[in-house]
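Everything on this sheet refers to the single structure shown next.
Side-chain atoms are counted along with the backbone in the values below, which use heavy atoms only and exclude waters and symmetry mates.
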Amino acid sequence: MSRPGAWSRVGSNLWKYLKGDVSKKHYVAEDAAGNRFYEISNSRQNVSRGFDSPTSGAQIEPDIEWQAWLRGTRRFPPSDQEISFNRMKQQVSRFFLKFL
């Protein structure tokens, strides 16, 4: 069995376009830095995740919880409470490490 050719791919994409089955960004959340996170689903139930950085200001890397969601190691996006709780745990551990 051979692989479909380039014209087959063009025809398939054209058919999806005409049917209206074009993948669109579904925005999920926005973090404190202004990064907007989205999912793109297609007809095969494949999900791509990404984020749009803010257009103005400094480009800040997303939090570690958001990076895990982007890579697909987390199923659901993190909540604001979870992120703030993890930041608080980091601050407490840094505080106690100063005294060791």
What is the distance from atom [atom1] of [X] to atom [atom2] of [Y], rounded to the nearest 0.5 Å?
X     : Y     : atom1 : atom2 : result
Leu97 : Gln90 : CG    : CD    : 11.5 Å
Met88 : Gln91 : CE    : CD    : 8.5 Å
Lys98 : Ser93 : NZ    : OG    : 11.0 Å

* hydrophobic_cluster_shared for Trp69 and Phe51, side chain cutoff 4.5 Å ->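 The answer is yes; both residues are in one hydrophobic cluster.
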
* Asked: Hey, quick one: are Ile60 and Trp66 part of the same hydrophobic cluster, counting side-chain heavy atoms closer than 4.5 Å, chains of contacts allowed?
  ->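 Per the 4.5 Å side-chain linkage, Ile60 and Trp66 are not co-clustered.
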
* To do: Test Glu65 against every option in Arg71, Arg74, Arg87 by the salt bridge (charged side-chain N to carboxylate O under 4.0 Å, His left out) rule and name the one that passes.
  =>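 With Glu65 as partner, salt bridge (charged side-chain N to carboxylate O under 4.0 Å, His left out) holds for just one option, Arg87.
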
Taking all non-hydrogen atoms of both residues into account, name the closest pair between [X] and [Y] and its distance.
X     : Y     : result
Ser84 : Gln81 : OG-O, 2.9 Å
Ala33 : Pro54 : O-CG, 3.6 Å
Asn35 : Ser53 : OD1-CA, 3.6 Å

* To do: Tell me, yes or no, whether the heavy-atom count around Phe85 atom CZ, taken from other residues, nucleotides or ligands under 6.0 Å, exceeds 12.
  =>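 It does not: Phe85 CZ has 12 such atoms or fewer within range.
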
* **Close side-chain approach of Asp52 and Lys25, heavy atoms under 4.5 Å** =>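 Side chain of Asp52 against side chain of Lys25, heavy atoms only: contact under 4.5 Å found.
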
